[in-house]
Amino acid sequence: MAIFGNRYVAEVVLAIAALAPRAEDRVTVRMLATRTGLADNLVRPVIRRLVEAGVLRSLPQERPRGASYHQVHFGEGVWEALTSTCRLLHRSA
């Protein structure tokens, strides 16, 4: 998975797709870590990069020490292209 600069990107993207198939669905790093079996500290940088790329958006925290939720940005077909690519890469691995 070196194409993304992080070997866990495909796993995290596919976990997001499974847990948040609709625009109103939300995910946290902890939810994704549980789903993938990866440690939070491996999932967090992937989430950060997806937010920076505009594929995910961070939601305001409900409580100061509460979980940080994220939603998929479904505009312009980028998310669909990314998930399709990750599915192909994951199958070939």
Side-chain angles (χ1 to χ4, degrees):
M1 303 306 157
I3 190 168
F4 293 117
N6 183 315
R7 63 184 284 204
Y8 304 113
V9 171
E11 289 177 65
V12 173
V13 167
L14 294 177
I16 294 168
L19 292 171
R22 300 166 301 167
E24 63 271 11
D25 294 329
R26 307 178 316 165
V27 294
T28 65
V29 167
R30 178 87 299 261
M31 291 167 64
L32 296 167
T34 299
R35 174 84 181 197
T36 60
L38 299 169
D40 289 14
N41 65 337
L42 297 175
V43 174
R44 196 170 288 109
V46 176
I47 296 302
R48 193 174 308 121
R49 289 178 68 188
L50 293 172
V51 168
E52 289 170 0
V55 179
L56 286 183
R57 66 183 84 140
S58 296
L59 299 175
Q61 286 185 288
E62 296 170 359
R63 297 182 322 258
R65 296 179 64 74
S68 295
Y69 287 93
H70 299 84
Q71 284 182 316
V72 174
H73 177 67
F74 282 98
E76 299 137 21
V78 175
W79 177 249
E80 292 79 5
L82 178 60
T83 55
S84 294
T85 301
C86 288
R87 281 188 186 98
L88 289 170
L89 290 170
H90 195 11
R91 273 184 262 180
S92 67

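Values below: all heavy atoms of this structure, side chains included; hydrogens, waters and symmetry mates excluded. If you're wondering where the values come from, they're calculated on a predicted model, not measured in any experiment.
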Over all atoms of both residues, closest heavy-atom pair of Q61 and S68 | NE2-OG, 3.4 Å
Taking a hydrophobic cluster as the set of Ile, Leu, Val, Met, Phe, Trp and Tyr residues connected by side-chain heavy atoms closer than 4.5 Å, whether directly or through intermediates, do L14 and V27 fall within one such cluster?
-> no
Here the pair of heavy atoms bringing A10 nearest to C86 is CA-SG, 3.7 Å
Kindly give the heavy-atom pair with the smallest separation between V72 and A20, and that separation in Å.
-> CG2-O, 4.2 Å
Considering all heavy atoms of both residues, which atom of T83 and which atom of A17 are nearest to each other, and what is their separation?
-> CG2-CB, 4.0 Å
Salt bridge (Lys or Arg N to Asp or Glu O under 4.0 Å) contacts touching residues 71-87 (sequence neighbours left out) = none
Does R22 have any salt bridge (Lys or Arg N to Asp or Glu O under 4.0 Å) partners at least two apart in sequence or in another chain, and if so, which?
-> E24, D25
Residue pairs passing the side-chain hydrogen bond (donor to acceptor under 3.5 Å, both in side chains) test with at least one member in residues 30-43, sequence neighbours excluded, are R30-T34, R30-D40
Contact list for residues 55-68, test salt bridge (Lys or Arg N to Asp or Glu O under 4.0 Å), sequence neighbours left out = R26-E62
To the nearest 0.5 Å, tell me how far L59 CG sits from H70 NE2.
-> 7.5 Å
Hey, what do you get for CD1 (I16) to CE (M31), rounding to the nearest 0.5 Å?
-> 10.0 Å
Closest non-hydrogen atom pair between P21 and L19, with its separation = CD-C, 3.4 Å
Sequence neighbours excluded, which residues qualify as side-chain contact (heavy atoms from CB on, under 4.5 Å) partners of A23?
-> F74
Side-chain donor-acceptor pairs under 3.5 Å in residues 46-53, sequence neighbours left out?
residue: R49; atom: NH1; partner: F4; partner atom: O; Å: 3.1
residue: R49; atom: NH2; partner: F4; partner atom: O; Å: 2.9

Are Y8 and L89 grouped together when hydrophobic residues (ILVMFWY) are joined by side-chain heavy atoms under 4.5 angstrom apart?
-> yes
Check whether any side-chain heavy atom of V12 lies under 4.5 Å from a side-chain heavy atom of L38, and answer yes or no.
-> yes
